[in-house]
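Remember, it's a predicted structure, so these values are computed and weren't measured experimentally.
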Amino acid sequence: MTKTDCYTFWCEIFDPSNEKRCYMKKFFTGFLCSTLSLGCLATESPAVGLLEQIPVMGADFKVIARPIYIFTNKKLTAPTVFTGMAGTEQPYIPVCCYQVRNISPLDLPREVKKYHQDEEFGSHMRGIRGYAYLYAAEPVSDKSKWTSMMSALIKKSANPDDGSPFSAPVLAAIITAETIPLKMGTPPNQTTLHTRYDKKSDRLVFTFQQGKQKIEFSEPTFAH
């Protein structure tokens, strides 16, 4: 599977009626928090952002690398765990979990140059808006914390012929329930997420609300 037909997989999972309301071009997943449980989102609003797992394709259309990044609004001061949120509408499905172990921010131009073989990789990465810091991420090593959706992603990613990208809005926390609540955490620091497809710009827009603060991220859709 190549990037150009990667959306079929997600449509089959999240749109059983197959009505092709997948005009958003790809599914996102993500709501993450660096705290260890839902109830821990108390004193300070958790970091939010976007998770990007974009396969780098070689000349023979095989995946030569599959780096995972988290674009976030906050500088991380300690290793942080994130949960993804999948689906086009509420209730979202958690994809748990990803971790940022190295809290040294990455340089985007350097990452794009590292994988210069794939122009689509660089184009998409450069098109992400709304973030302040970029970090390398990876699935948590404790597989007992993986949700079923996470396990499916890991299995799919092991196929070198599968060029499906995956992205997700994220919030720092471990969430393993079957679905994600409409409001995360406790007042006054509850976090909500609204997602939409902007047809004019052909972009996915993710708006987090934390108290009175709105934080918006956006990314271009992939070719289809």
Side-chain angles (χ1 to χ4, degrees), residues 28-54 65-86 92-112 114-115 125 128-147 149-151 153-154 157 166-177 179-181 183-193 195 206-219:
F28 36 81
T29 266
F31 227 93
L32 313 114
C33 316
S34 54
T35 50
L36 294 182
S37 69
L38 195 58
C40 292
L41 307 181
T43 57
E44 183 180 353
S45 296
V48 295
L50 286 179
L51 181 140
E52 299 286 335
Q53 181 176 304
I54 307 173
R66 206 182 293 267
I68 304 174
Y69 301 99
I70 287 180
F71 294 75
T72 184
N73 67 320
K74 290 186 177 183
K75 187 173 184 179
L76 302 181
T77 59
T80 304
V81 176
F82 293 87
T83 298
M85 187 170 67
Y92 300 103
I93 300 173
V95 183
C96 182
C97 298
Y98 294 91
Q99 61 184 346
V100 173
R101 293 198 297 179
N102 185 344
I103 59 173
S104 298
L106 299 175
D107 179 67
L108 179 59
R110 185 174 299 174
E111 294 302 304
V112 171
K114 184 190 301 183
Y115 300 114
M125 292 283 284
I128 294 170
R129 301 285 183 266
Y131 73 99
Y133 298 94
L134 172 65
Y135 296 95
E138 61 188 53
V140 295
S141 56
D142 185 355
K143 296 182 180 180
S144 68
K145 291 185 171 64
W146 291 4
T147 58
M149 189 65 207
M150 183 71 167
S151 297
L153 276 172
I154 297 299
S157 298
F166 176 74
S167 73
V170 296
L171 177 104
I174 293 178
I175 304 169
T176 57
T179 59
I180 292 178
K183 294 183 179 181
M184 305 284 296
T186 56
N189 296 315
Q190 287 180 306
T191 299
T192 60
L193 173 67
T195 60
F206 311 93
T207 303
F208 290 94
Q209 182 82 42
Q210 293 182 322
K212 295 181 179 180
Q213 183 182 17
K214 284 188 177 181
I215 307 159
E216 185 173 283
F217 298 85
S218 68
E219 64 174 336

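Summarising the geometry of Val95 relative to Thr147, their closest heavy-atom pair is CA-OG1, 3.6 Å, with the distance given to 0.1 Å. Closest non-hydrogen pair, Ala65 versus Tyr115, comes out as CB-CE2, 3.7 Å. Phe217 approaches Val48 most closely through the heavy-atom pair CZ-O, 3.5 Å. Here the closest heavy-atom approach between residue Ile70 and residue Val100 is recorded as CD1-CG2, 4.0 Å. For the pair Thr72 and Lys74, the tightest heavy-atom approach, listed with the atom from each and the gap, is CG2-O, 3.0 Å. Considering all non-hydrogen atoms of both residues, Gln190 and Pro187 come closest at CG-N, 3.6 Å.
Distance CD/Gln209 to OG/Ser45: 10.0 Å, rounded to 0.5 Å. One distance of note links CD of Gln210 with CG of Asn73; it measures 6.5 Å at 0.5 Å rounding. The distance from atom CD1 of Ile215 to atom OG1 of Thr191, rounded to the nearest 0.5 Å, is 7.5 Å. One distance of note links CE of Met184 with CZ of Phe208; it measures 10.0 Å at 0.5 Å rounding. Between the CG atom in Leu134 and the CD atom in Glu52 there is a gap of 10.0 Å [rounded to 0.5 Å]. The distance from atom CD1 of Ile68 to atom CZ of Phe82, rounded to the nearest 0.5 Å, is 13.0 Å.
The side chain to side chain contact (heavy atoms under 4.5 Å, CB included) check on Ala136 picks up Leu106, with sequence neighbours excluded. A search for salt bridge (charged side-chain N to carboxylate O under 4.0 Å, His left out) contacts involving Arg101 returns Glu138, not counting sequence neighbours. Taking Ser144 as the reference, Asp142 meet the side-chain hydrogen bond (donor to acceptor under 3.5 Å, both in side chains) condition, with sequence neighbours excluded. In this structure, Tyr133 has no ring-ring contact (aromatic ring centres under 6.0 Å, His included) partners at least two apart in sequence or on a different chain. Residues passing the side-chain hydrogen bond (donor to acceptor under 3.5 Å, both in side chains) test with Thr179, sequence neighbours excluded: none. Judged as a side-chain hydrogen bond (donor to acceptor under 3.5 Å, both in side chains), and not counting sequence neighbours, Tyr135 has no contacts. Under the side chain to side chain contact (heavy atoms under 4.5 Å, CB included) criterion, Val140 pairs with Val81, Cys97, Gln99, Lys145, Trp146, sequence neighbours left out. Residues that satisfy the side-chain hydrogen bond (donor to acceptor under 3.5 Å, both in side chains) test with Ser218, not counting sequence neighbours, are Arg203. Scanning for salt bridge (charged side-chain N to carboxylate O under 4.0 Å, His left out) contacts around Lys75 gives an empty result, with sequence neighbours left out. In terms of the ring-ring contact (aromatic ring centres under 6.0 Å, His included) criterion, Tyr69 has no residue partners (sequence neighbours excluded).
Considering only heavy atoms from C-beta on, Tyr98 comes within 4.5 Å of Leu51 through its side chain. By the 4.5 Å heavy-atom criterion applied to side chains, Glu219 and Ser167 are counted as neighbours. Annotation: side chain of Ile175 is not in contact with side chain of Cys96 (no heavy-atom distance under 4.5 Å). In this structure the side chain of Phe71 reaches within 4.5 angstrom of the side chain of Met125, judged on heavy atoms. Side-chain contact between Leu193 and Phe206 is present, with at least one heavy-atom pair separated by less than 4.5 Å. When side chains are defined from C-beta on, Met150 does not count as touching Pro94, because their heavy atoms never get closer than 4.5 Å.
Residues Ser157 and Gln53 bring a donor and an acceptor atom of their side chains to less than 3.5 Å of each other.
For residues 206-215, there are no salt bridge (charged side-chain N to carboxylate O under 4.0 Å, His left out) pairs, not counting sequence neighbours.
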